[in-house]
Amino acid sequence: MPLQIKPLHPLFAAEASGLDLTKALNADEIRQINDAMNQYAVLVWKNQPLTMQEQLQFSQSFGPLDIGLKRIFKRPERLDDERLVDISNVEMSGQVAPRDSRKNLSSFANQLWHSDSSFMNPRAAYSILHSVIKPSWGGNTEFSDLRAAYDALTPEMKIELSTLKAEHFALHTRILLGDDAYTDDQKKEIPPAIWPLVDTHPGSGRKVLFVGVHAREVIGWPTAEGRIFLSDLLEHATQRQFVYTHNWDVGDTVMWDNRSTVHRGRRFDIMERRELRRTTINDEPDAIVH
Ligand code: OGA
Ligand code: MN
């Protein structure tokens with residue numbers, strides 16, 4: 001059966017079905033998924049439980065995987081394969097982590113609007129997140145459409161933004177959350193990445209307002225003025241009409257394009273278990289068939 005698509009929002013995001021994600025995909029199926037990603041930017045697959053190996057295999061169909069922030073943290077991890085990111089509040093022992101643990105810092109940072117790994121070059125293309133255990137309330141994930149956000153800018157803003165660039169830094173969100181105990185070596189491990197504020201999404205040719213909380217500076221501007229501007233732009237880009245909210249069921253897999261969307265987790269009771277697993281595909285030239 002070919003890929004089936006059911007739109008979930010007037011602007012972007014769709015439910016995908018018709019393919020078995022636990023089986024190796026052929027080139028035509030991969031092309032169908034890439035085409036749908038280029039159009040919808042967020043695809044939701046319902047009720048397809050994936051083992052870790054199956055998630056890795058499915059993800060690798062789209063390009064090389066990246067480990068992101070693990071380059072800096074180099075901490076022991078609960079999941080054996082370093083290409084699987086443990087999006088959970090569970091510590092090494094398997095218990096729910098104490099409220100003030102370092103593990104929870106990542107959960108909280110994920111509750112700020114961001115594009116995964118925009119602090120790196122190459123950055124992330126797709127992320128693929130699979131739900132394993134959900135809490136009794138909260139913990140939705142919201143996505144905002146940066147192409148629609150660009151389209152809604154005034155003509156004056158489009159002109160002003162067309163030549164501006166922003167610097168994105170890996171530890172910026174941690175520092176915002178009061179966690180600044182990093183060594184110089186850790187700070188240097190991932191040098192800041194610079195991206196134009198207006199970018200062209202390769203797979204659709206549409207313009208994107210590329211913002212998110214990893215951005216900490218507008219190049220050539222005073223820091224304070226740049227940060228206020230970046231926060232205004234992010235507020236513009238995440239207005240309700242641009243947002244699709246995913247309410248997780250266990251067994252859901254959601255994939256999104258980090259070059260055309262930002263996302264954030266929503267609050268839940270941090271003492272209740274929430275477990276998801278993420279893989280991240282690197283935006284290497286030619287890695288994704290456009
Ligand atoms: C992520 C992320 C948000 C969430 O996995 O990249 O930001 O809802 N997750 O857990
Ligand atoms: Mn994320």
Side-chain angles (χ1 to χ4, degrees), residues 64-79 81-92 97-127 129 146 164-197 199 209-234 237 258-259 261-265 270 277-285:
L65 304 187
D66 190 69
I67 60 169
L69 276 178
K70 287 188 192 176
R71 285 166 207 264
I72 299 185
F73 295 149
K74 300 190 175 99
R75 292 197 281 258
E77 292 282 342
R78 202 165 59 91
L79 306 183
D81 193 306
E82 68 168 1
R83 297 165 303 168
L84 288 167
V85 186
D86 179 25
I87 303 291
S88 81
N89 56 349
V90 179
E91 61 179 9
M92 284 295 287
R99 197 165 182 178
D100 61 353
S101 60
R102 292 191 76 79
K103 177 73 192 158
N104 282 340
L105 270 167
S106 309
S107 313
F108 292 128
N110 280 341
Q111 293 181 29
L112 298 164
W113 285 111
H114 65 282
S115 160
D116 289 336
S117 298
S118 70
F119 46 73
M120 293 194 329
N121 189 354
R123 60 190 160 168
Y126 301 162
S127 291
L129 188 59
L146 299 179
L164 294 176
K165 296 185 164 83
E167 180 186 272
H168 298 234
F169 182 54
L171 295 174
H172 186 52
T173 55
R174 313 293 157 141
I175 293 165
L176 280 176
L177 293 179
D179 173 41
D180 51 11
Y182 293 99
T183 63
D184 284 346
D185 281 350
Q186 283 178 310
K187 288 183 191 151
K188 285 193 215 123
E189 184 70 36
I190 304 182
I194 294 175
W195 301 109
L197 277 167
D199 205 2
L209 177 59
F210 194 64
V211 285
V213 78
H214 297 309
R216 67 167 179 183
E217 245 4 278
V218 175
I219 301 297
W221 285 29
T223 299
E225 188 182 353
R227 282 196 189 163
I228 291 298
F229 189 46
L230 289 168
S231 116
D232 272 2
L233 292 173
L234 188 55
N258 288 292
R259 302 161 303 181
T261 58
V262 281
H263 62 281
R264 66 172 179 184
I270 200 70
R277 275 188 240 125
R278 197 185 85 207
T279 37
T280 318
I281 292 128
N282 228 327
D283 188 22
E284 288 193 339

Asks: To check you understand the geometry: which heavy-atom pair defines the closest contact between Pro122 and Glu284, and what is its length?
Replies: CG-CG, 4.1 Å

Asks: Around atom NZ of Lys165, are there more than 12 heavy atoms of other residues, nucleotides or ligands at under 6.0 Å?
Replies: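 No - once you tally the heavy atoms of other residues, nucleotides and ligands closer than 6.0 Å, there are 12 at most.
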
Asks: Tell me whether Asn282 contacts the main-chain N or O of Asp66 through its side chain, where contact means a donor paired with an acceptor under 3.5 Å.
Replies: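 The answer is no, because no donor-acceptor pair under 3.5 Å joins these two groups.
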
Asks: For a quick test of reading the model, state the closest non-hydrogen atom pair linking Ser88 to Lys103 and the distance between them.
Replies: O-CE, 3.1 Å

Asks: Tell me, do Arg278 and Leu129 make a side-chain contact under 4.5 Å, heavy atoms counted?
Replies: yes

Asks: Could you pull out the closest heavy-atom pair between Val211 and Val262, with the gap in Å?
Replies: O-CG1, 3.3 Å

Asks: If only atom types and distance count, is the side chain of Asp81 paired as donor or acceptor with the main-chain N or O of Arg83 below 3.5 Å?
Replies: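 At least one qualifying donor-acceptor pair exists.
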
Asks: Considering only heavy atoms from C-beta outward, does the side chain of Leu84 approach that of Thr279 to under 4.5 Å?
Replies: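 Yes, close enough: below the 4.5 Å cut-off.
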
Asks: Could you give the distance from CG (Asn104) to CZ (Arg99), rounded to the nearest 0.5 Å?
Replies: 9.5 Å

Asks: What distance separates Asp86 CG from Arg277 CZ, expressed to the nearest 0.5 Å?
Replies: 9.5 Å

Asks: Is it true that a side-chain atom of His114 and a backbone atom of His263 form a donor plus acceptor pair closer than 3.5 Å?
Replies: yes

Asks: Quick one: CD on Glu91 to CZ on Arg102, what's the gap to the nearest 0.5 Å?
Replies: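 So the gap between those two atoms works out to 14.0 Å.
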
Asks: Checking side-chain polar atoms at under 3.5 Å, does His214 have a donor or acceptor matched by the opposite partner on Ser118?
Replies: no

Asks: Side-chain donor-acceptor pairs under 3.5 Å in residues 220-230, sequence neighbours left out?
Replies:
from: Thr223; atom 1: OG1; to: Glu217; atom 2: OE1; distance (Å): 3.0
from: Thr223; atom 1: OG1; to: Glu217; atom 2: OE2; distance (Å): 3.3
from: Arg227; atom 1: NE; to: Arg216; atom 2: O; distance (Å): 3.0

Asks: Testing Asp116, Asp199, Asp283 one by one against Arg259 for a salt bridge (Lys or Arg N to Asp or Glu O under 4.0 Å), which residue passes?
Replies: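 Result: among Asp116, Asp199, Asp283, Asp283 is the only option passing the salt bridge (Lys or Arg N to Asp or Glu O under 4.0 Å) with Arg259.
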
Asks: To the nearest 0.5 angstrom, please state how far the CG atom of Leu164 sits from the CG atom of Leu197.
Replies: 6.0 Å

Asks: Can you tell me which residue among Val85, Ile87, Asn258, Ile281 is in a side chain to side chain contact (heavy atoms under 4.5 Å, CB included) with Ser127?
Replies: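 Exactly one pass, corresponding to Asn258.
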
Asks: Apply side chain to side chain contact (heavy atoms under 4.5 Å, CB included) to Ala193 and list each qualifying residue two or more places apart in sequence or on a separate chain.
Replies: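 In terms of side chain to side chain contact (heavy atoms under 4.5 Å, CB included), with neighbours along the sequence ignored, Ala193 is linked to Asn121, Trp195.
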
Asks: Which heavy atom of Thr173 sits nearest to which heavy atom of Val213, and what is that distance?
Replies: CG2-CG1, 3.2 Å

Asks: Would you check if Phe108 and Ile270 make a side-chain contact, meaning some heavy-atom pair closer than 4.5 Å?
Replies: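 Sidechains of Ile270 and Phe108: in contact.
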
Asks: Considering only heavy atoms from C-beta outward, does the side chain of Glu167 approach that of Ile219 to under 4.5 Å?
Replies: yes

Asks: Are any non-hydrogen side-chain atoms of Ser115 and Arg123 less than 4.5 angstrom apart?
Replies: no

Asks: Please find the pair of heavy atoms, one from Ala215 and one from His172, that lie closest to each other, and give the distance.
Replies: O-CD2, 3.8 Å

Asks: To the nearest 0.5 Å, what is the distance between OG (Ser106) and CG (Asn89)?
Replies: 11.0 Å

Asks: Between the side chains of Thr183 and Asp185, does any donor sit under 3.5 Å from an acceptor?
Replies: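 Thr183 vs Asp185: no donor-acceptor pair found between side chains.
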
